[in-house]
Amino acid sequence: MTQLVLPELPYAYDALEPWCDSETLHLHHDKHHRAYVDKANAALEELRIVDPSDAARYAGLEAAREFNLGGHVLHSLFWENLSPEPVRPAGAVAEHLDAAGGVDRVRSLLTAACMGVQGSGWGVLAFDTASRSLQVGMVHDHHAQHVPGSDLVAVVDVWEHAYYLSHRNDRAAWVSAAIDHLDWAAIDGRLDAVTASLAASS
Ligand SMILES: [Fe+2]
């Protein structure tokens with residue numbers, strides 16, 4: 001089994017200022033994300049040896065696996081799909097955005113998803129493999145509410161730890177800035193990988 005590793009940020013800690021400050025990014029990446037990696041590794045290791053007759057212990061470990069592994073996967077995507085400079089959609093992702101009503105509509109839906117998350121969670125853009133279309137959605141915490149069979153291609157963290165130092169309780173300002181700095185080239189690359197995998201399996 002592969003040990004999970006905290007990925008390096010693809011940019012400097014101060015590269016996203018002023019809308020995402022360096023102190024927040026240090027805490028968010030070095031503390032929060034690292035904790036998810038460490039706790040996911042611990043849960044995965046313990047699940048290898050847990051006594052299956054101990055249902056309560058198993059359930060606790062499974063909950064820890066879902067929460068912390070989900071946190072690791074989502075944060076890894078999040079760092080990669082942000083850009084210090086705005087990037088315009090091009091290529092296949094631009095075509096899928098048009099099919100979904102256009103980039104402005106998708107942006108509005110993603111904003112609504114981010115603002116609609118109750119408590120902690122994520123606004124997400126996913127490629128639904130059943131309808132073969134881009135869909136906006138929400139993920140509660142790190143692991144609930146996501147449609148099985150759809151592949152995440154972009155995510156926006158709306159946990160308060162992502163924005164509270166700079167934006168206080170103004171989630172809308174954080175969401176607007178984060179969506180303005182989505183790296184559509186990286187998202188296009190992820191979409192290409194998903195559709196290539198589908199083509200290979202059909
Ligand atoms: Fe986070």
Side-chain angles (χ1 to χ4, degrees), residues 3-44 61-87 106-107 109-126 135-147 150-184 186-187 190:
Q3 191 83 356
L4 306 175
V5 176
L6 180 69
E8 295 285 328
L9 286 178
Y11 30 71
Y13 285 94
D14 61 357
L16 304 181
E17 290 192 351
W19 60 276
C20 180
D21 65 276
S22 175
E23 183 181 7
T24 292
L25 204 47
H26 271 288
L27 290 168
H28 199 173
H29 176 267
D30 301 355
K31 303 296 184 184
H32 291 281
H33 190 170
R34 182 179 298 282
Y36 301 136
V37 169
D38 292 345
K39 291 177 182 177
N41 278 326
L44 289 165
L61 288 171
E62 179 53 23
R65 184 187 72 87
E66 292 172 9
F67 182 83
N68 291 293
L69 187 53
H72 170 53
V73 169
L74 284 163
H75 284 90
S76 298
L77 287 176
F78 185 51
W79 310 135
E80 290 174 5
N81 71 217
L82 291 179
S83 169
E85 302 298 330
V87 178
V106 172
R107 182 196 160 97
L109 286 171
L110 184 56
T111 300
C114 290
M115 296 305 295
V117 169
Q118 290 187 315
S120 299
W122 302 70
V124 303
L125 187 61
Q135 299 290 331
V136 171
M138 295 182 247
V139 171
H140 184 60
D141 285 343
H142 292 152
H143 53 303
Q145 211 170 339
H146 179 59
V147 177
S150 63
D151 290 300
L152 297 176
V153 295
V155 297
V156 178
D157 191 343
V158 294
W159 284 58
E160 287 182 347
H161 66 217
Y163 62 87
Y164 220 79
L165 291 182
S166 287
H167 300 281
R168 300 301 180 193
N169 61 331
D170 191 354
R171 186 191 287 189
W174 160 251
V175 167
S176 177
I179 293 176
D180 277 346
H181 292 83
L182 287 176
D183 186 342
W184 287 103
I187 297 165
R190 203 170 292 144

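Whatever order the structure lists them in is the order used to number ligands and atoms, beginning at 1.
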Can you name the N, O or S atom of Asp157 that is closest to the Fe ion (ligand 1)?
OD2
Report yes if the distance between the aromatic ring centroids of His75 and His142 is under 6.0 Å, otherwise no.
yes
Angle at the Fe ion (ligand 1), NE2 of His28 to NE2 of His161, rounded to 10 degrees, please.
90°
Keeping Asp183 on the side-chain end and Val87 on the backbone end, is there a donor-acceptor pair under 3.5 Å?
no
Test item: Tyr11 side-chain N/O and Trp79 main-chain N/O as donor-acceptor pair under 3.5 Å:
yes
At less than 2.8 Å, would any N/O/S atom of His75, backbone or side chain, sit next to the Fe ion (ligand 1)?
yes
Using 0.5 Å steps for rounding, measure from the CG atom of Asp141 to the CH2 atom of Trp159.
5.0 Å
Just checking: His33, one of its N/O/S atoms, less than 2.8 Å away from the Fe ion (ligand 1), yes or no?
no
